[in-house]
Each structure stands twice: as C-alpha cells, then as structure tokens.
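Worksheet: the structure to be examined is printed underneath.
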Amino acid sequence: MWSGPPLAVINHVLTGEDWARARLAAFSGQTARVQFSSGQLRFTILESGLLAAADAASPVAVSIRLPDDAPVRALSNRSSLFSAATIAGSVDLAEALAFVFRNLRWDAEHDLSQVLGDIVARRALRLASGLARWHGRSARNLAFGIAEYLTEEEKAIAPRRDVDAFCAEVDALRDDLARVEKRLGRMELLR
C-alpha cells in the first residue's frame, strides 16, 4: 500500500479548488479504499476536505475497484474509467468522490509560474502541448504506414477494398444459389 506521493499530489490540486474541498468536507472522518491492479490507496477525508493516509484498522466506508487499465483510461478517457469502476459501500461518498475527481483539474501553468515566472511557464506548456500533439501525429502516421505496408507491399493483410469485393461476390453467389434452389423446387413440383 502506497499513499504518500499520490495523496500529496491530490491534496495539492484540492488546495486550489474550494468547491471540491467543500464537497468532500461533508464526509469528514470517513475512509475510502481505491483498488487497482498494482495496489490500493486508503485515505480518510479530513474536516478541511483534504485527504490523509488511513490506518489499516479504520473501517472503510466505500471501496472502489478500478479496472486494470486505469492509468491508461485516466489519461485518455476519464469518463470510461469511472463508468467501469465497481463500488461497494456508501453510494453517497462514492458519488461525491467520483464527481470531485471527474471535475478536478490541475492548473499546471499556475504551478510552473510560481517557480519559473509567467512567460516561461506559458511557453513551456505550449512546448509540451506541441510535443504531445507531434508525438500523437507521429504515432498515428507510423500506424498508418505499417498498415499500408502490410496491405499493399507485403500482402500479409488483405486490403479493405479486396475484403469488401470478396464479401459482395459471396453475397451474389448466395443469392444466385437461392434462386437456383427455388427453380429446382418448382421443377420438382411440376413432375
């Protein structure tokens, strides 16, 4: 069980969001356990709305089990992460936690501006955003290139147009066979 670094990051983000702390403060003193493939995170909600590491002996009000691919979903599709979670215990607390974590946003530019200054922070985030977009485009172009190589050059995978043409020919053959069977059935009736 590890809780120090994740709780420190969550509390840092919560510090800047009064609405989130107010929503969590209503559940002060309650303990939650979030489980995922590589471990679990147990925390108690404080009166201030911040989170603290929970004792192993403290009773758990809600247990939330995240899917094994939780880190990937957290970065790519947060809504699917919450819909795939399994909840046991207090539904009200689970709903409050889900609402807070679904809507909680880290203002990285503000944090960087405290260390580097406003202009450098803005430019650093623009650079990081540009690098992320470039990385995404590069990965997409690589995937398209590999797919084209495997379908056009190597012929290891049939191109979509060939598969569609084959399916159309099979459908035409099936229809022709059905017509022949129908004619044969009529001929037998005439005998």
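Remember, predicted model here, so these are calculated numbers, not experimental data.
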Next item on the list: For the residue pair Leu50 and Arg21, establish whether any side-chain heavy-atom pair is separated by less than 4.5 Å.
Entry: yes
Next item on the list: Have a look at Leu116 and tell me which of Asp118, Ile119, Val120 forms a side chain to side chain contact (heavy atoms under 4.5 Å, CB included) with it.
Entry: Val120
Next item on the list: Indicate yes or no: at least one non-hydrogen side-chain atom of Leu97 is less than 4.5 angstrom from one of Phe43.
Entry: yes
Notebook entry, point to check: Under 3.5 Å, side chain of Arg105 to main-chain N/O of Arg102, donor-acceptor pair present?
Noted result: yes
Checklist line | Neighbour count above 12 (heavy atom, 6.0 Å) for Arg160 CZ | finding: no
Check: Is any side-chain heavy atom of Val91 less than 4.5 Å from a side-chain heavy atom of Val62?
Finding: no
Notebook entry, point to check: Quick one: are Leu104 and Leu14 in side-chain contact, heavy atoms under 4.5 Å?
Noted result: yes
Next item on the list: Please answer whether the main-chain N or O of Ala147 pairs with a side-chain N or O of Thr151 as donor and acceptor at a distance below 3.5 Å.
Entry: yes
Margin query: Any salt bridge linking Glu95 with Arg23? Criterion: basic side-chain nitrogen under 4.0 Å from a carboxylate oxygen.
Written below: yes
Check: Would you say the side-chain atoms of Asn11 pair up with the backbone N or O of Leu7, donor to acceptor, closer than 3.5 Å?
Finding: yes
Margin query: Keeping Arg42 on the side-chain end and Asp55 on the backbone end, is there a donor-acceptor pair under 3.5 Å?
Written below: yes
Next item on the list: Without swapping roles, check the side chain of Arg65 against the backbone of Thr86 for a donor-acceptor pair under 3.5 Å.
Entry: no
